[in-house]
Number of protein chains: 2
Amino acid sequence: MNCGISQRIYLELVPPAEEDNRSSWQRICDSLQKKGCGDVKASAFVLRKLYPLCEEAGWKLTISLCYDGRDWEAVDLEAGDTSDAHYGLAVDLGSTTVAMQLLNCNTGEVLVQESAYNQQIAFGEDILTRIFYSKDQPEQLEEIRLATVNTITGLMERIAAQTGIDTKKCLSMVVAGNTTMTHFLIGMDAFCVFSAPYAVQADQPGFLKGKELDIPIRGYVFCYPGKANYLGGDIISGMVATDLYHRESISLFFDVGTNGELVVGNRDFLLCGAGAAGPALEGGVVKTGMRAAEGAVQHIRLSHADPVLVSAECARQKEKAAYTVQLDVIGGGAPTGICGSGIIDLISELFLHRLIDLRGKFVPESSDAIAYRPEEGEYAFCYAPGLWFYQSDILEFIRTKAAAYTMMEYLLSETELGLEDVADFYMAGAFGTHVNKESAVNIGMYPDVDLERIHAEGNTSLKGAQMLLLDRQIVEELPEILDRMTYVQFGAVEDFLQKMTAASALPHTDLERYPSVKARLDHSAYE
Amino acid sequence: MNCGISQRIYLELVPPAEEDNRSSWQRICDSLQKKGCGDVKASAFVLRKLYPLCEEAGWKLTISLCYDGRDWEAVDLEAGDTSDAHYGLAVDLGSTTVAMQLLNCNTGEVLVQESAYNQQIAFGEDILTRIFYSKDQPEQLEEIRLATVNTITGLMERIAAQTGIDTKKCLSMVVAGNTTMTHFLIGMDAFCVFSAPYAVQADQPGFLKGKELDIPIRGYVFCYPGKANYLGGDIISGMVATDLYHRESISLFFDVGTNGELVVGNRDFLLCGAGAAGPALEGGVVKTGMRAAEGAVQHIRLSHADPVLVSAECARQKEKAAYTVQLDVIGGGAPTGICGSGIIDLISELFLHRLIDLRGKFVPESSDAIAYRPEEGEYAFCYAPGLWFYQSDILEFIRTKAAAYTMMEYLLSETELGLEDVADFYMAGAFGTHVNKESAVNIGMYPDVDLERIHAEGNTSLKGAQMLLLDRQIVEELPEILDRMTYVQFGAVEDFLQKMTAASALPHTDLERYPSVKARLDHSAYE
């Protein structure tokens, strides 16, 4: 195992004697030198602990060291061999959800993972509201900074209560967040992130003292660096998590959320870009959509209520077919809404069953489950008693997936590579882990490639944070990785909108790009 | 001028633009790189200041950097060119008096110097009382730590009030103090300094954050390292001040106070030692002695009241001679006591006029000014109306000067060098600056060498602190200097007491060592 960004080292020192009366601190430094730790910086906190600790412990001590980006600093000293109690924290600082892991930094084991809503939400559901709230208002910026810090310390306290491990004794913390989140954590105005020329305050803050950030750990907080305003530390962390920059084969990394961020490349090149994808994929904005919590429909299958009666003839004659809807509800109870992965299934099913056309428009005559809802002024599909999925939701979704697809297409075209050249597609985000890949291909959200090549990677931001905590080498590699990355501003791409329009169909206006979907449609029982 | 341990650098940055949207912090780092500052570490304090400062200042900024012993850390950022306002603090942390200088770190100019009693005195006049007070009593140790810090911050406030310069904006502080003082400043139990095996807590604490020490400056406090328990940072600072370790010629550095610390050597070798000299030289302990403050007799001359009447015959016949006493009183008013330099003059005069013998014993029959004081049970000399200098004071002084002389003699004998091989004698301490060198030679406190070779250097501890503040190179040299030093424990020297007994005469039992004094005695009008 590589050395992480913290160390706990057990020392058995020779006690002072007339013929060897080096100072206690020198004794420790000499011993650490022999262990290859180089020159270690002192801190007043540790110097104050030397006495009577050294004597009482019979000169058998455990010293804690934190890497500050260049050197090791001594941040704690304890009696006896407590080197096993070596803990660190990895944090994915999302604008909605903050996830934290407590790690045993000796074994790499994740002891516990917790998450909480980001308390910044009190100042705006969406990130832009928060940015405007704090723009040029130092006191309000401080409110947002404290909300961020409190979210983190709240999680630390919960984890401490759960595990009985004093998280304040953690040595280091690695935080991966987008550029705005990192700005807010440090207490920097983030308006720059969203306004031309998109020159932010700091995208590589590096190691900052926990104390300076009001985060009660022993040592330093490392914030993952960003590449550009819209390509922040969470994405760099994700790249680290997938390790794509080390491999010879080409990978595509895609973090789809309200914004989409992608990287394509390998150990020789890295091209990246980011753009607004729209919030549709996050479930929260569609009319009956919700987050992936209890009561959310996460998977859905339509089937003819009585398959015997159904024939291609019937469909052609526009006779209305009856469907049974199979729902997979989180928690197993009655459904209360539908989350992202459910939406993808639903749109895929509606499309394959021709309840919607390739532009996503309802075909009202195809099913009784489709009804005009006067209070909303639009058609909707009833996927469960009292729960409707609306026309506008579908169109919103198609815009989102078209944006996502176009980003991928554009980035690949910049590399003069085709989909076939990409060995692996990494789909990041908690969202991706529950998506039925075939459904996502059906609706043209994922490219039509062998499903084995598509990997739902989950929270890569958190994983990258965890990895860096355990491997200092990554810190050294980051500047080179960032240097190698070429950032493409999608907004600046002339034909982006044109390409996006072409992608605004199910699965795409150019069906040749989706041979498997074409085949499924061709062989569909309803054709 | 060399680069100090802080820098203020004026930067004119290119404002962000579409084609160059590096972050503000990156812009600063790149600019500093070009100026040869290497990679500069960020601090949250500076990152928070970037906005709106950079824009408001039109990207013309002054950044403050502090050296932390390895790297430069950005500790402040200001609009426009304020690089002239580059201040630092040098501190001599004495157990009795704390002296502080505010420096213009660009020009090296000392803007003001202030001193104050060390507030630790509240916990004991002498250092041992303070050590016992705080020994194994963390709360009392904290009291002493705060007293130390308050003395320093009090001086900072006084200097700020005097100069109008906000001393809190000082970048760095260099503190030179003995090992106990450094322990107390950091908050470390100092009993170790005075108890076998004399292995202290930390003698090379290096750079510690001002904040960690509760000292409100922007950056770091550097504590001069010590060589041994009794040879602390004040002496290393003194060596730096005299630069003896760079020269080819051999020097002897001597800081005489309650303890005597000496170093003899040159660029090739350094031998050092320390021992208790006794408090006599500091004025405070002799019966009518006092510190060098208003009312203190600082110089004294005796002459026969009527020289015509005086003859060698008269002296031989033990006729009492009358003397006029010429006093130089600090402040010019009536004398209230006598300080160190006055005592040296007085003993020298008493000796040359044979009012005391070579053992320091009064010759009562030699003068009416010598009288037996029944209330004290001893003889005394009346040097001013109502002010007496006592027999016991003289004997105490002789013990002290014998200890000092013996240390010097011993250290030189270890080098197999004679006095003639030493090009320069540096006498450190505020005390030395007022001493009449000839008087000091007469009584055997200084060796009998050409007076031009004896330099009263004043507060070398403060001077060395000042120099390091202005020259980072010294920081790099210190480990090598400490390595080169060989420490001699005088206490361990078998014949030390024997040598000291030999030196317990005026000027020495071996008068051949003092040819100039011998000549003065031989040619004395009173012989």
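Residue numbering restarts at 1 for every chain, and letters A, B, ... go by the order of the sequence lines.
- The choice from Asp203(B), Ile28(B), Leu47(B), Leu213(B) that makes the most heavy-atom pairs within less than 4.5 Å of chain A is Leu47(B).
- Within the 4.5 angstrom heavy-atom criterion, atoms from both the backbone and the side chain of Lys41(A) approach chain B.
- Only the backbone of Ala17(A) comes within contact range of chain B, with heavy atoms under 4.5 Å apart.
- Of residues 62-79 of chain B, those residues with a non-hydrogen atom less than 4.5 Å from any non-hydrogen atom of chain A are, in numerical order, Asp68(B), Arg70(B), Asp71(B).
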Exercise for review: Apply side-chain contact (heavy atoms from CB on, under 4.5 Å) to Ser43(A) and Glu212(B), showing your working.
Suggested key: CA-CA 8 Å; Ser43(A) 65; Glu212(B) 254 202 305; 3.7 Å; yes

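- Contact annotation for Leu208(B): only side-chain heavy atoms (C-beta onward) come within less than 4.5 Å of a heavy atom of chain A.
- Counting only distance, with no hydrogens or angles, the side chain of Arg130(A) and the backbone of Ile144(A) share no donor-acceptor pair below 3.5 Å.
- The candidate with the highest count of non-hydrogen atom pairs below 4.5 Å against chain A, out of Asp20(B), Ile186(B), Leu141(B), is Ile186(B).
- With a 4.5 Å cut-off on non-hydrogen atoms, Phe191(A) does not touch chain B at all.
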Review point. Under the side-chain contact (heavy atoms from CB on, under 4.5 Å) criterion, do Arg145(B) and Met188(B) qualify, and how do the steps go?
Key: CA-CA 8 Å; Arg145(B) 184 185 80 80; Met188(B) 300 186 291; over 6 Å; no

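- Your options are Ala42(B), Gly226(B), Ala44(B), Pro16(B), and the one with the most heavy-atom pairs under 4.5 Å with chain A is Ala44(B).
- Between Phe207(B) and Phe222(B), the ring-plane angle classifies as tilted under the 30° and 60° cut-offs.
- Both the backbone and the side chain of Asp39(B) have a heavy atom closer than 4.5 Å to some heavy atom of chain A.
- Remark: side-chain polar atoms of Gln201(A) are not paired, donor with acceptor, to backbone N or O of Cys192(A) under 3.5 angstrom.
- Between the side chains of Tyr198(B) and Glu18(A), no donor N or O sits under 3.5 Å from an acceptor N or O.
- When heavy atoms are compared at a cutoff of 4.5 Å, Arg22(A) approaches chain B solely by way of its backbone atoms N, CA, C and O.
- When the candidates Asn21(A), Asp189(A), Leu50(A), Asn229(A) are compared by the number of heavy-atom contacts under 4.5 Å with chain B, Asn21(A) comes out ahead.
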Point to revise | Pair Tyr224(B)-Ile474(B), side-chain contact (heavy atoms from CB on, under 4.5 Å): steps then yes or no | key: CA-CA 10 Å; Tyr224(B) 252 103; Ile474(B) 296 169; 4.0 Å; yes

Exercise for review: Output, in order, the C-alpha distance, side-chain angles, deciding distance and verdict of side-chain contact (heavy atoms from CB on, under 4.5 Å) for Lys227(B) and Cys272(B).
Suggested key: CA-CA 9 Å; Lys227(B) 172 65 189 173; Cys272(B) 59; 4.2 Å; yes

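- Thr148(A) OG1 to Gln120(A) CD: the interatomic distance, rounded to the nearest 0.5 Å, is 3.5 Å.
- Listed here is the closest heavy atom pair of Ile236(B) and Pro225(B): CG1-O, 3.1 Å.
- By number of non-hydrogen pairs under 4.5 angstrom with chain A, the leading residue of Lys49(B), Arg48(B), Gln204(B) is Arg48(B).
- Checking Tyr51(B) against Asp136(A) by side-chain atom types alone, a donor-acceptor pair falls below 3.5 Å.
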